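Input: a single structure, listed below in structure tokens.
From a predicted model like this one, the values you see are computed outputs, not experimental measurements. Proteins come first, then strands; the chains are lettered A, B, ... in the order of their sequence lines, and each starts at number 1. Side chains are part of it too, since the values below use all heavy atoms of this structure and drop only hydrogens, waters and symmetry mates.
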Protein chains: 2
Amino acid sequence: MKKKTASRKDIKRTPRPAEVTIDTVAEAAGVSTATVSRFFNAPQRLTQRTTLRVQTAVNDLGYVPNLLAGGLSSARTQLIAAVIPTITNSIFSSTIQEISDSLAERGYNVVLALTGPNDEHAERQLLSIIGRRPDGIILSGAVVPNNARAKLIASAIPTIETWDLPSDPIDMVVGFSHEAVGRAVGMHATKTGRRKVLVVSAAGVRAVARRHGFAKVLLEQGFPEPSVTSFAASTTYGNGRSAVAAHLDAGGRPELVVCSSDWAAHGALDELRHRGIRVPRDIAVIGFGDSDFASELNPSLTSVKIDGKAIGQQSAAFLMKRAQGQKIKERIVDVGFELIIRGSG
Amino acid sequence: MKKKTASRKDIKRTPRPAEVTIDTVAEAAGVSTATVSRFFNAPQRLTQRTTLRVQTAVNDLGYVPNLLAGGLSSARTQLIAAVIPTITNSIFSSTIQEISDSLAERGYNVVLALTGPNDEHAERQLLSIIGRRPDGIILSGAVVPNNARAKLIASAIPTIETWDLPSDPIDMVVGFSHEAVGRAVGMHATKTGRRKVLVVSAAGVRAVARRHGFAKVLLEQGFPEPSVTSFAASTTYGNGRSAVAAHLDAGGRPELVVCSSDWAAHGALDELRHRGIRVPRDIAVIGFGDSDFASELNPSLTSVKIDGKAIGQQSAAFLMKRAQGQKIKERIVDVGFELIIRGSG
DNA sequence: GGCGGCAGTGCAAGCGCTTACAGTGGGTGC
DNA sequence: GCACCCACTGTAAGCGCTTGCACTGCCGCC
């Protein structure tokens with residue numbers, strides 16, 4: 001539908017509150033906007049004299065470049081999205097911290113997408129994240145719904161799945177096999193001959209994968225199926241305590257308690273001590289995560305160490321390579337894990 | 001400098017990889033871009049028929065609106081910045097989580113600015129955050145350098161200082177008085193008559209404020225000055241253990257150990273038990289933060305409860321009010337705290 | 001039958017940057 | 001002395017949205 005329209009040149013609209021823009025600075029410095037832009041993005045291209053003039057104008061005006069405009073124009077947002085279930089007690093925080101630390105000086109920021117303890121908000125969060133056109137997306141512990149997965153792929157945003165080794169990766173992967181962790185713990189358990197096991201586990205897919213790997217080894221070695229107490233979200237100190245208490249009260253007499261987090265293991269340890277049960281003589285305890293306190297407990301806690309910081313470093317390196325337009329041949333990195341055997345068993 | 005330039009109409013530039021834009025959708029749906037925009041931002045303004053056509057086009061094309069462009073155009077980014085020292089073991093995570101949770105369904109995302117355990121990166125991070133033009137900035141535990149403070153004010157971005165009650169606020173405040181917390185703990189200590197105190201404390205300004213409030217009350221009541229063991233960053237389980245161990249080994253015989261975190265208190269508790277010292281009979285222990293495990297320890301831990309979630313809720317409410325253009329009269333909210341006295345003293 | 005009102009939609013001017021290309025001027029080689 | 005280069009700097013066309021106004025057509029009312 002065509003219609004004749006008056007010229008807009010002379011139409012007054014309510015203007016939005018003026019902002020100090022690159023034009024303001026350019027005028028003040030007596031240069032073009034391109035030069036001001038270069039001052040921030042390619043300073044080595046300017047003469048010292050020009051640099052000084054722009055610097056002065058920037059300081060005088062207190063100019064802070066609008067990264068939205070810059071990002072829109074350059075198609076580089078300097079934004080990395082971190083997709084995790086929750087930020088509270090997150091085992092992934094070391095990874096995020098490392099990514100932020102190693103990329104901050106290049107001007108990157110991390111934007112969070114919290115998908116909820118059970119991925120309730122995964123789809124909504126991912127859509128909104130894709131809308132922000134980050135230069136990279138780090139997925140940790142969140143399950144990506146199919147619809148979002150398709151959009152993620154279509155978006156062509158570099159994506160890294162971490163803390164796992166998915167069988168059908170979206171793009172890049174930096175992680176380890178939870179199944180293998182479970183098997184390693186299982187091997188250790190069978191080696192020490194502890195037949196009756198209580199597993200205190202979260203219900204998430206990774207915790208379940210570890211549990212399966214663990215149980216598999218036990219069964220293969222002719223050990224009985226372990227008892228399982230499962231919790232909806234990630235396991236806490238309180239979960240560990242109450243799970244052990246309930247199990248014992250119900251007449252369970254385990255020789256080993258395997259927990260899906262060090263917190264839970266810590267709670268288990270305290271509950272056992274509280275009941276006068278010796279660790280590891282009567283019952284051994286194994287955690288997961290090798291938290292900072294694991295080595296300081298009494299007895300010190302046997303646990304599985306994951307190098308979350310290394311995952312962050314590798315992920316950051318991947319993203320920087322992509323940012324420089326390099327192709328990455330080996331897109332899957334297994335950072336492995338380490339079973340650290342300490343006093344608790 | 002004017003110069004004659006050829007018309008650019010016919011100049012070919014290397015085009016950037018095409019993106020599905022609002023124009024693509026508009027064409028596919030047979031409507032204008034304005035209508036597509038309204039489909040996302042004011043759906044109630046469209047007829048059902050139009051809505052359907054746009055919806056179909058959006059689905060077919062897998063269109064995800066570019067929020068950078070939208071933000072630039074509307075001057076609303078739907079981005080909230082959270083400025084905190086570190087994401088690992090952060091006491092502020094409950095606040096951030098709550099802000100994200102309560103604002104996510106309105107399309108907001110949280111972008112992080114990690115200033116470092118001792119605010120090393122505060123200035124750089126704040127500048128980059130201001131550049132992203134968030135709709136709000138939540139400051140928690142970070143000390144804002146003067147230069148950044150000036151730019152923050154000039155930016156006119158709604159800013160909320162949390163977890164403290166600054167004497168000269170930047171804008172809005174949702175917090176409590178650390179000095180008052182210290183005094184409350186001090187009152188409790190003097191009431192129980194424990195004269196010799198060891199304080200295990202972080203070196204940050206808020207922990208120091210609590211320590212001062214605490215010491216002040218002790219001195220006022222004629223108690224001796226407490227001993228202090230100080231740690232650079234936030235205090236850990238290991239810090240608590242080693243501080244207590246070192247103090248006792250050096251011949252200290254405190255009647256009360258006050259820690260600047262529940263982690264440290266937990267470590268202190270374990271160290272005392274390890275040495276066969278009874279809590280609270282011989283030595284009492286007090287923490288800070290009322291972590292989830294505080295009530296589950298043996299003995300349960302006396303601690304100071306801060307409602308971090310409430311801080312998040314109030315902050316989110318403030319931001320939404322501002323977003324709707326409302327003026328806020330009472331810009332300072334004291335959420336208070338609660339000394340929870342449990343078994344440890 | 002004419003008219004005002006109104007709901008729905010379109011037009012097109014920005015939002016504040018980046019960057020491909022185009023000038024400009026001084027230095028260099030012959 | 002002149003042609004070339006090269007290092008800097010400027011010009012201006014977008015980047016993909018939002019939104020103030022304008023326009024259209026339909027309804028209800030007198």
message = Tell me if the side-chain of B/Ser73 makes a donor-acceptor pair with the base of C/dG14, cut-off 3.5 Å, by modelled atom types.
response = yes
inquiry  = Using only atom types and a distance under 3.5 Å, with no angle test, would you say the side chain of B/Ser315 pairs donor to acceptor with the backbone of B/Ile311?
reply    = yes
key: Donor-acceptor contact below 3.5 Å, side chain B/Gln97 vs main chain A/Ile87   = yes
request  = Please round to 10 degrees the angle between the axis of the first five pairs and the axis of the last five pairs in the helix from C/dG1-D/dC30 to C/dC30-D/dG1.
outcome  = 40°
request  = Can you measure from CZ (A/Phe318) to CD (A/Gln313) and round to the nearest 0.5 angstrom?
outcome  = 13.0 Å
request  = Keeping the roles fixed (side chain from A/Ser100, backbone from A/Ile96), state whether a donor-acceptor pair exists under 3.5 Å.
outcome  = no
note = When rounded to whole Å, the CG to C1' distance for the pair B/Asp23 and C/dA12 reads 12 Å
By salt bridge (Lys or Arg N to Asp or Glu O under 4.0 Å) - contacts of B/Arg331 (at least two apart) = B/Asp171
message = Of the listed nucleotides (C/dG10, D/dG10, D/dT9), which one gets closest to any side-chain atom of B/Val31?
response = C/dG10
request  = Could you check how far CG of A/Leu72 sits from C1' of D/dC15, rounded to whole Å?
outcome  = 4 Å
message = I need the residues from residues 33-48 of chain A with at least one non-hydrogen atom less than 4.0 Å from DNA chain D; give them sorted by number, or say none.
response = A/Thr33, A/Ala34, A/Thr35, A/Arg38, A/Arg45, A/Leu46, A/Thr47
Atom CD of B/Gln326 with >12 non-hydrogen neighbours under 6.0 angstrom = yes
note = Separation of C/dG8 atom P from B/Arg49 atom CZ, nearest Å, is 13 Å
ask   = Taking C-beta and beyond as the side chain, do A/Val58 and A/Val64 meet within less than 4.5 Å on heavy atoms?
value = no
task = Could you tell me whether A/Arg76 contacts a base, only the sugar-phosphate backbone, or nothing, with contacts defined as non-hydrogen atoms closer than 4.0 Å?
result = sugar-phosphate
inquiry  = Using the side-chain heavy atoms of B/Glu19, tell me which of these nucleotides is nearest: D/dG16, C/dG16, D/dT19.
reply    = D/dG16
task = Give the nucleotide from the list C/dT18, C/dG10, D/dG10 with an atom nearest to the side chain of A/Ile22.
result = C/dT18
A/Thr162 side-chain N/O to A/Leu139 backbone N/O, donor-acceptor pair under 3.5 Å = yes
